[in-house]
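One structure is given below, encoded as structure tokens.
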Amino acid sequence: MNANRLTTPKEKVQQLQEKLGHAAEENKKRKFHSLYDKVHRWDVLCEAWKRVRANKGAAGIDAVTLADIEKHGEISFIKECQRELQEGTYHPDPVRRQYIPKKDGKQRPLGIPTVRDRVVQMATKLMIEPIFEADFHETSFGFRPKRGAKGALDRIRKACNRKGNWVVDIDIQGYFDNINQDKLMKLVQMRINDRRIL
């Protein structure tokens, strides 16, 4: 892809992700110190907005919907996000709590961020994901781009056809509710050293 011919935010973001991923792959001990300035780049925020809009989703605690933002102007919304990030005045809002019924009759709590917070989260994800992707094992399928249950099943089938002896399926109850945040942040800091991202 010729850098001079990149025209869409998506293409520019993909190129930036490739650079970050390549740098992370080349040096497994490298720490990334300057990522925040990339999160508030115009192309990154435009791509983040596009993805959030495509995911649909409900309004957060501020009751602002995707349709509200489209009605009042997507460009001005993205500019406001960019301004807050650049000036250091951005602070996430509390999430709206919603309960989703489970098959066993219990309810699963769900936190719904505001659309603005989802855009900033997506912009951040776009910048940090290629760094951590370089560290994952080829056999890891959970919560990764372009990977899912079908790919994992195909991998298991192939292993079984090669006379594989072990298949392990682990589901930790309430896993995301019980993650040790301090330990998680220490692991993230092994790759990212930009305090504003952290």
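Quick caveat, the model's predicted, so the values are computed rather than measured.
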Q | Carboxylate-amine/guanidinium contact K12 E47, below 4.0 Å | A | no
Q. Any donor and acceptor pair, going by atom type alone, linking the side chain of Y36 with main-chain N or O of L85 inside 3.5 Å?
A. yes
(Q) Nearest 0.5 Å, please: how far is CD in Q98 from CD1 in I112? (A) 5.0 Å
Q) Is there a chain of hydrophobic side chains (I, L, V, M, F, W, Y, each step under 4.5 Å between heavy atoms) that links F32 to L187? A) no
Q: Assess the side chains of T7 and E11: does a donor N or O sit below 3.5 Å from an acceptor N or O?
A: yes
Q) What do you reckon, is CE of M190 surrounded by more than 12 foreign heavy atoms closer than 6.0 Å? A) no
Q: May I ask you to decide if V52's main-chain N or O and N55's side chain share a donor-acceptor pair within less than 3.5 Å?
A: no
Q.
Is it true that Q82 and W42 share a donor-acceptor pair across their side chains at a distance under 3.5 Å?
A. no
**Q.** Nearest heavy atoms of A134 and A24, plus distance in Å
**A.** CB-CB, 3.7 Å
(Q) If hydrophobic clusters are built by linking Ile, Leu, Val, Met, Phe, Trp and Tyr wherever their side-chain heavy atoms come under 4.5 Å apart, do I61 and L66 end up in the same one? (A) no
Q: Give the C-alpha distance, both sets of side-chain angles, the deciding distance and a yes or no for side chain to side chain contact (heavy atoms under 4.5 Å, CB included) between V120 and Y90.
A: CA-CA 9 Å; V120 174; Y90 168 77; 3.8 Å; yes
Q | Evaluation steps, side chain to side chain contact (heavy atoms under 4.5 Å, CB included), between D117 and V95 | A | CA-CA 9 Å; D117 289 344; V95 297; over 6 Å; no
Q: Might you work through the side chain to side chain contact (heavy atoms under 4.5 Å, CB included) test for I192 and F132, ending with a clear yes or no?
A: CA-CA 10 Å; I192 295 177; F132 291 106; 3.5 Å; yes
Q: Would you kindly say whether R191 and Q189 are connected by a side-chain donor-acceptor distance under 3.5 Å?
A: no
Q: Show your working on side chain to side chain contact (heavy atoms under 4.5 Å, CB included) between Q121 and K125 and close with a plain yes or no.
A: CA-CA 6 Å; Q121 288 170 4; K125 175 187 178 282; over 6 Å; no
Q) Just wondering, more than 12 heavy atoms not from R195 lying within 6.0 Å of its CZ? A) no
**Q.** Closest non-hydrogen atom pair between M127 and V13, with its separation
**A.** CE-CG1, 4.4 Å
Q) Taking the side chain from K186 and the backbone from D182, do they hold a donor-acceptor pair closer than 3.5 Å? A) no
Q.
When you measure from the side chain of R118 to the backbone of P113, do you find a donor-acceptor pair of N or O atoms at a distance under 3.5 Å?
A. yes
**Q.** R96 side chain to A59 backbone, donor-acceptor under 3.5 Å
**A.** yes
Q. Can L126 be reached from L35 by stepping across I, L, V, M, F, W or Y side chains whose heavy atoms are under 4.5 Å apart?
A. yes
Q: May I ask you to say whether R116 pairs ionically with D93, meaning some side-chain N is under 4.0 Å from a carboxylate O?
A: yes
Q. Does one side chain, of D194 or H33, offer a donor that lies under 3.5 Å from an acceptor on the other?
A. no
Q: Can you see which heavy atom on N180 is nearest to which on K183, and at what distance?
A: OD1-N, 2.9 Å
Q: Report yes or no: does H72 contribute a side-chain atom to a donor-acceptor pair with the main-chain N or O of D68 at less than 3.5 Å?
A: yes
